[in-house]
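Each chain gets a letter, A, B and so on, in the order its sequence line appears, and its residues count up from 1. All values reported here derive from a predicted model rather than from experimental measurement. Computed from heavy atoms alone, side chains included, the values below leave out hydrogens, waters and symmetry copies.
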2 protein chains.
Amino acid sequence: MSNTDDTPIRTPLTLEDGVDFAIIEHLFFAYRDFTADPDAILERYGFGRAHHRVLHFVNRRPGLTVAELLDVLRITKQSLARVLKQLVDSGYIVQLQGPRDRRQRELYPTRKGRDLARDLSLPQSRRIHAALQEAQLKDSALIERFLRAMVNPELRAQMDKLPNGRPD
Amino acid sequence: MSNTDDTPIRTPLTLEDGVDFAIIEHLFFAYRDFTADPDAILERYGFGRAHHRVLHFVNRRPGLTVAELLDVLRITKQSLARVLKQLVDSGYIVQLQGPRDRRQRELYPTRKGRDLARDLSLPQSRRIHAALQEAQLKDSALIERFLRAMVNPELRAQMDKLPNGRPD
DNA sequence: GAAAATATGTCAACAAGACTGACATAAATT
DNA sequence: AATTTATGTCAGTCTTGTTGACATATTTTC
């Protein structure tokens, strides 16, 4: 081949190129530190971020089924099965047979699961409150509206299924 | 053992528990869709998100050294080496011997690398602009301030090394 | 100038968490 | 009775992260 031009480009890619790098990069750094807090706690339990997500949504929507959880997380059955099994085996989540449809497994947190879920979100909540204060935002509505608008419209209905959602 | 209480908890974890779930969850969904755009493009090249990050920062700070890149990405030498080698081998990045310290390798994008980097950030930038509009935010300063405040203070200096940063 | 420290590259091995596709079971629906 | 659905499970793959050891070239220090 060798139809490639190896000349190094020495000027940085900037705003002039029509791209909003500031927010792109801020999101990257912010999200990394945002997830670092719970990650550190999870490590002590031998869990990872995948366990956190499962535990989180089971606590936010107790009784949701495996299919619903797959829909929220957008991962495959196999990926979920692994971490869910560990959470059930170690007593953080229980599975109950669905009352109307007995094929379904409703997922509920145990006391232990509820406590861990809360502990994991506390540092994240603290970070958010501190950031709101530092950025001198009186309420979080603006940030929430922006973040919601960043989500694909088709997926916003799912966010509304969670309790304490903004009542539109 | 069996000192665990298996009783299912049927009430959802809510705001009353003192945690700001709205923003926590909005961040999760927003970041997922935000990264999905470039991921789809990268797949066509046989690259992943790791390649994107490397390519991005090399384009934003042409000439940065391997050590500096490791510092920004906070991954290990080995993790970087794999993806960097692929990017160099396929002509997206070139390595030049450092002029003062010849042990260093300065990283620069090629034309091809610059173009791909821009293509990857375009959909992200479009999503951000659309979200700002939808959330009726005249400018992005508020969002930027909030996201910056979400980052650990020690790491903010690194963000300032990127071009077109807010001049504080 | 010799010794030590530094920047980078590379090797082998491992782990988490995503994926696919196939197949099994029980229960509900047609 | 046949089909579809919800879930579980098996085997195998891929990406991207990890560790620790070691090699090389170069710079810095004594």
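K77(B) contributes a side-chain N or O that forms a donor-acceptor pair with the base of dG9(C) under 3.5 Å. Residue side chain R103(A) does not reach the base of dT7(D) through any donor-acceptor N/O pair under 3.5 Å, judged by distance alone. One cannot find a donor-acceptor pair under 3.5 Å joining the base of dG8(D) and the side-chain atoms of R82(A).
OP1 and OP2 of dT16(D) both lie 4.0 Å or more from every side-chain N or O belonging to S79(B). Close to dT27(D), at under 4.0 Å from its OP1 or OP2, lies a side-chain N or O of R102(B). Between T76(A) and dC19(C) there is a side-chain polar atom (N or O) within less than 4.0 angstrom of OP1 or OP2. Dashed line: the shortest gap from a side-chain N or O of Q104(A) to OP1 or OP2 of dA26(C) is not under 4.0 Å. Residue Q86(B) has no polar side-chain atom (N or O) positioned under 4.0 Å from OP1 or OP2 of dT15(D).
Of all the heavy atoms in Y31(B) and L27(A), the pair that sits closest is CE1-O, 3.8 Å.
Residue Q95(B) is classed as a sugar-phosphate contact, given heavy-atom separations below 4.0 Å to backbone atoms only. E106(A) comes within 4.0 angstrom of nothing in the nucleic acid, heavy atoms only.
Atom CG of L80(B) and atom P of dT8(C) are 10 Å apart (whole Å). Look at CZ on R74(B): it is 18 Å from C1' on dT16(D), rounded to the nearest Å.
Contacts between residues 45-59 of chain A and DNA chain C, defined by a heavy-atom separation under 4.0 Å, are made by G48(A), R49(A), A50(A), H51(A), R53(A).
Taking the six-membered ring where tryptophan is involved, the planes of F29(A) and F57(B) are tilted, since the angle between them lies from 30° to 60°.
Around CD of Q97(B), the count of heavy atoms belonging to other residues, nucleotides or ligands within 6.0 Å exceeds 12.
Relative to the ring axis of Y108(B), R10(A) places its NZ or CZ within 45° and under 6.0 Å from the centre.
A distance-only check finds no donor-acceptor pair linking the side chain of R105(B) to the backbone of Q95(B) [under 3.5 Å].
Side-chain proximity of I75(A) to dC19(C), dA6(D), dT8(C): nearest is dC19(C).
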